[in-house]
Enquirer: 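Below: one structure in structure tokens.
Whatever order the structure lists them in is the order used to number ligands and atoms, beginning at 1.
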Amino acid sequence: MKAQAVLAFFFTLIPSLCGPQDASFSHVSMNEQIVTGRLGEDVILPCSFESGPNVVIHWKNQDTNVYSYYRDSDQLEKQDPRYVNRISLFHGEIHNGNASLSFRRLTLQDEGIYICYVGTSLGKITKKIVLKVGAFVTPVMKYEKNTTNSFLICNVLSVFPYPIITWKVDNNTSISENNGKEVGSLGPFHINSRVNITGSNSSYQCEIENPLLKQTWTGRWTRKDVLHKMQSENVLLSCKPENSFFPPNQDFTVTWYRVESGSALLLAYFKNSSQETLINQPRLSWKEELINSRDFSLTVKDLHLSDSGEYLCDISSNESTLLTSQTVHVEASPRAPAGIIVPVLVAVVSAVLLLSVAPRAVRSRRCIGFHRERHPPTNQDSSSAGTTEENVALSDYLPNTGTEDRS
Ligand SMILES: *[C@@H]1O[C@H](CO)[C@@H](O)[C@H](O)[C@H]1NC(C)=O
Ligand SMILES: *[C@@H]1O[C@H](CO)[C@@H](O)[C@H](O)[C@H]1NC(C)=O
Ligand SMILES: *[C@@H]1O[C@H](CO)[C@@H](O)[C@H](O)[C@H]1NC(C)=O
Ligand SMILES: *[C@@H]1O[C@H](CO)[C@@H](O)[C@H](O)[C@H]1NC(C)=O
Ligand SMILES: *[C@@H]1O[C@H](CO)[C@@H](O)[C@H](O)[C@H]1NC(C)=O
Ligand SMILES: *[C@@H]1O[C@H](CO)[C@@H](O)[C@H](O)[C@H]1NC(C)=O
Ligand SMILES: *[C@@H]1O[C@H](CO)[C@@H](O)[C@H](O)[C@H]1NC(C)=O
Ligand SMILES: *[C@@H]1O[C@H](CO)[C@@H](O)[C@H](O)[C@H]1NC(C)=O
């Protein structure tokens, strides 16, 4: 404010040197100030004056009466209904020359030019405040697939003004965001921006910027190499945030899913602020103690054939989401005694043949039963021969969380 005042003073002294005043100059006048608030939150429109007796204060927006004060009290008979109970002066501060307006629960319609007029026995002043209102609910990045395609979706529930959305593939190439779907023509906007994942590209990034609030959120998806494992081995599913992506001292959550066509099953969860953890399956464990850790890799012990599939780690803060996708292929152990494995293999093959023609819903139910009852004994010690519980696939542990169907 001070700099602007000095600048304005400087320019009025030397108008002949500057030639005709341009639009930006007349915009930045000594009495104008831009205030940016957030939708639903509170803001103060500042206005100060040299204190004196017989204070009269009027706040107006165009010709609308926002607030009036004189004879030492509020005069609100003519106040426009949309400001009722959302606006007040700091009464205790008026005698100190403070006519600032406290504005509560901002709406987008509150944007505009507000004029503060103050008169006292000593003189009068006029101040102009431009109020801008922005919204930016933290976006989310989702990974979904159906039987033929995989997608990434960057979703913002409420943003204003319309944000700048950029997608990049493999750090570098920009891809156009012609899939952005907006809801709400005047705002705030609800945006679902979606891209197809094509086979050879291993990382995608979407950036959503609100230029008014000077806030940027980034979503990033990367794919790790496919892991091949034998049945009853252990596997480490990797999930480590890159430092550049993950500034320290930020609150975040880590969520592991198993991704299937049309659904995602929650496997494990960690919240940094509360240190709350959740593991939904006895064969899963975090790689290390999570407190102060930066490695959220997950170990799956004693792999079953049905553990084959795609796993997704989601690290989210209010500034970013980092998704790491990892596919595991579990192969039947060749070391199992032939006398056991042959009849079991025959059963597996015939069951697979049979089930591949059955409807999908029925198939997944029968698979559960199959692995529970006829899972081949492992070649390890008797304890890993397994209880019924241990032979259940990870995906059977939880009902569908339905996270993919919200959009
Ligand atoms: C007026 O008073 C309020 C409440 O103390 C304060 O937040 C605000 O900054 C003051 N404004 C000016 C212009 O002094
Ligand atoms: C998968 O999604 C794409 C894009 O929405 C769609 O074109 C395709 O038909 C879907 N495939 C199946 C099998 O649902
Ligand atoms: C992309 O950038 C990240 C860090 O920003 C880096 O770890 C990764 O190797 C880069 N990938 C490519 C393909 O350049
Ligand atoms: C990034 O893009 C530039 C030019 O667009 C290209 O020369 C360079 O090879 C690209 N780098 C990567 C890692 O794709
Ligand atoms: C993704 O690709 C499929 C074909 O591979 C196409 O039918 C679909 O429209 C694409 N979806 C998007 C959102 O680009
Ligand atoms: C994925 O990579 C292939 C070649 O590696 C490239 O031709 C294609 O344009 C990339 N897909 C996207 C969406 O950029
Ligand atoms: C996680 O939370 C702990 C305590 O709540 C904090 O000390 C630590 O800085 C946080 N870690 C990160 C990476 O922000
Ligand atoms: C994000 O969260 C941190 C605390 O975890 C907070 O200081 C910061 O203001 C938040 N940023 C936004 C954009 O909400």
Enquirer: For ligand 1, what is the set of protein residues having any non-hydrogen atom at a distance below 4.0 Å?
Expert: Ile44, Ser48, Phe90, Glu93, Asn98, Ser100
Enquirer: Identify whether the distance between the nearest side-chain nitrogen and carboxylate oxygen of Lys142 and Asp314 falls below 4.0 Å.
Expert: no
Enquirer: Is it true that a side-chain atom of Glu93 and a backbone atom of Phe90 form a donor plus acceptor pair closer than 3.5 Å?
Expert: no
Enquirer: Check this for me, if you would: do Lys229 and Asp307 make a salt bridge, where the nitrogen-to-carboxylate-oxygen distance has to be below 4.0 angstrom?
Expert: no
Enquirer: Nearest 0.5 angstrom please: Gln205 CD to Leu322 CG, how far?
Expert: 9.5 Å
Enquirer: State the OH-CZ distance between Tyr67 and Arg86, to the nearest 0.5 angstrom.
Expert: 13.5 Å
Enquirer: With sequence neighbours left out, which residue pairs that include part of residues 80-164 fulfil the disulfide bond (SG atoms under 2.5 Å apart) condition?
Expert: Cys47-Cys116, Cys154-Cys206
